[in-house]
Student: 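Below is the structure I would like to discuss, written out as structure tokens.
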Amino acid sequence: MIKVGIPRALFYYQYYPMWQAFFEELGAETVVSSPTNKDIFTSGNSRAVAETCLPVKVFFGHVISLVDKCDYMFIPAIRSMGKKAYNCSKFLGLPDMTRALIPECPPILDPEIDLNKGQRNLRKTIYSLGSHFTCHRGKIKKAIEKAWKTDSAYRKGMADWGIVSVQAIGRIYGKDCESGSALNLSPELKIALIGHPYVIYDDYINHRLISRLQAMGAEIFTPEMADQEALDVAMAKLVGNPHWTFEADIIGAGEFYLEAKVDGMITVAVFGCGPDSMMIDVVRHRASELKVPFLYLSLDEHTSEGGLITRLEAFLDMVKRRKRICV
Ligand code: SF4
């Protein structure tokens, strides 16, 4: 059976169930790298240029860990997931950067996903991807339908069950989840956690942020747990049409949860990320207008776990005190 390697990084958290359904329906096996650990980070870091952001360094480490375990590596070049809304340039260059930095990588499946070029182009790209596994167009069509249904169920599951992405993936595949496993059954505080999925769900990058917050008595709400249409409406209210793919997830989710009157909001970004610095500023401004406690965490490979815990504890103490005074 052909094995397709899927690095557990970047778009994995949003699209893994869809990709897995597609490849398995075509008779291939998907092999996912382990949750990020020190070895994975170190190997990725050793190949990337210094200016590369932390999630991309981590991505390279995941690719390296899969090199001997698969026949193909799946690294789509995702240019745009919405009309006139573009991804950060790092995503577009991922397949080429991987070829240059990891020459031992198996052949890369690198469909270019650009929704600006229309549905017909997208279909053509996916049929071309499927043709690596079968020459029967009917089989590819069935795989696309299965992938689409799986993706809808995954997103609906997160909203209906009130669980975060990694918990939903764990529930679908019956595996332990990497983050958010220590559920607090009597949460005192509703805290919105805003950031890229590959930052807020990667326990190595964020020092187990979700499970820490849950253990401290917080109920966590992430962008993926809200309805996409509601996020689009909330985002349009603040910035009109999006220019970045993640605008609905950051500005839209920020506004949505601020209006839903969460007790506090934590935004998480990685040091040096240009798109985040602009988007998070918009959310920070709204939180200040609506007088919602707001914490901004900027992470990089040097972030100290102790310092992070102290900041979280201080923030939650402040939110709790404020809540007691206001009720
Ligand atoms: S959006 Fe920011 S964190 Fe994400 S890949 Fe681009 S620079 Fe890195």
Side-chain angles (χ1 to χ4, degrees), residues 6-16 33 36 40-41 43-64 73-82 84-102 108 110 112-116 165-166 179 193-207 209-210 222-224 231 235 239 242-254 266-284 296-303 308:
I6 298 190
R8 190 186 294 253
L10 299 179
F11 276 118
Y12 160 87
Y13 296 97
Q14 280 164 293
Y15 299 115
Y16 173 66
S33 48
T36 310
I40 287 179
F41 166 70
S43 61
N45 192 33
S46 69
R47 305 283 181 105
V49 292
E51 297 73 34
T52 310
C53 67
L54 177 58
V56 172
K57 288 177 181 168
V58 165
F59 177 85
F60 291 142
H62 281 276
V63 172
I64 293 167
M73 196 72 72
F74 182 56
I75 308 180
I78 304 183
R79 182 176 291 271
S80 166
M81 294 300 288
K84 293 193 179 158
Y86 294 93
N87 252 330
C88 155
S89 57
K90 307 248 175 31
F91 285 100
L92 316 186
L94 268 187
D96 290 337
M97 283 194 285
T98 305
R99 281 188 194 96
L101 298 172
I102 310 172
I108 297 177
D110 59 348
E112 184 185 300
I113 308 295
D114 185 350
L115 262 58
N116 276 300
S165 160
V166 282
S179 182
L193 187 59
I194 306 296
H196 295 292
Y198 47 85
V199 175
I200 61 179
Y201 298 127
D202 187 317
D203 275 352
Y204 184 86
I205 291 181
N206 66 37
H207 300 284
L209 187 55
I210 292 180
T222 65
E224 291 71 35
L231 298 190
M235 177 203 58
V239 291
H243 300 287
W244 297 102
T245 296
F246 284 103
E247 242 162 311
D249 290 346
I250 296 186
I251 297 179
I266 300 176
T267 54
V268 196
V270 293
F271 179 75
C273 171
D276 278 5
S277 58
M278 290 185 281
M279 292 189 279
I280 288 177
D281 241 25
V282 177
V283 181
R284 188 205 309 264
Y296 172 55
L297 298 174
S298 173
L299 308 174
D300 66 14
E301 52 267 55
H302 308 296
T303 301
L308 184 78

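The first residue of the sequence shown is numbered 1, and numbering continues consecutively from there. Only a predicted model underlies this, so the values are computations on that prediction, with no experimental measurement involved. Order of listing sets the numbers, starting from 1, for every ligand and every atom in it.
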Student: Show the atoms of ligand 1 that are less than 4.0 angstrom away from any heavy atom in C88.
Tutor: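 In order of number, 1 (S), 5 (S), 6 (Fe), 7 (S).
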Student: Backbone N or O of I78 within a donor-acceptor pair of the N87 side chain at under 3.5 Å?
Tutor: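 At least one qualifying donor-acceptor pair exists.
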Student: For R8 and S33, indicate whether the former's side chain and the latter's backbone hold a donor-acceptor pair under 3.5 Å.
Tutor: yes
Student: With a cut-off of 4.0 Å, which atoms of ligand 1 are near a heavy atom of C53?
Tutor: 3 (S), 5 (S), 7 (S), 8 (Fe)
Student: How far is atom 7 (S) of ligand 1 from its nearest protein heavy atom, and which residue and atom name does that atom have?
Tutor: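 Of the protein heavy atoms, K90 NZ, 3.5 Å lies nearest.
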Student: Do H207 side-chain atoms and T303 backbone N/O form a donor-acceptor pair below 3.5 Å?
Tutor: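 Present.
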Student: Would D276 count as a contact of ligand 1 if the rule is a heavy atom under 4.0 Å away?
Tutor: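 No heavy atom of D276 comes that close to ligand 1.
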Student: I'd like to know if the side chain of N206 and the backbone of V199 have a donor-acceptor N/O pair within less than 3.5 Å.
Tutor: yes
Student: For the residue pair E224 / Y13, report whether a side-chain donor-acceptor contact shorter than 3.5 Å exists.
Tutor: no
Student: Looking at Y198, which atoms of ligand 1 are within less than 4.0 Å of one of its heavy atoms?
Tutor: 1 (S), 3 (S), 4 (Fe), 5 (S)
Student: Please confirm if an N, O or S atom belonging to C273, backbone or side chain, lies less than 2.8 Å from atom 6 (Fe) of ligand 1.
Tutor: no
Student: Between atom CG of L308 and atom CG of L299, what is the distance when rounded to the nearest 0.5 Å?
Tutor: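 Nearest 0.5 Å value for the CG-CG distance: 6.5 Å.
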Student: Suppose we only count N/O/S atoms under 2.8 Å; would H196 qualify as near atom 2 (Fe) of ligand 1?
Tutor: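 It does not: H196 brings no N, O or S atom closer than 2.8 Å to atom 2 (Fe) of ligand 1.
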Student: Which atoms of ligand 1 are found less than 4.0 Å from any heavy atom of V270?
Tutor: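 Ligand 1 atoms under the 4.0 Å threshold to V270: 3 (S).
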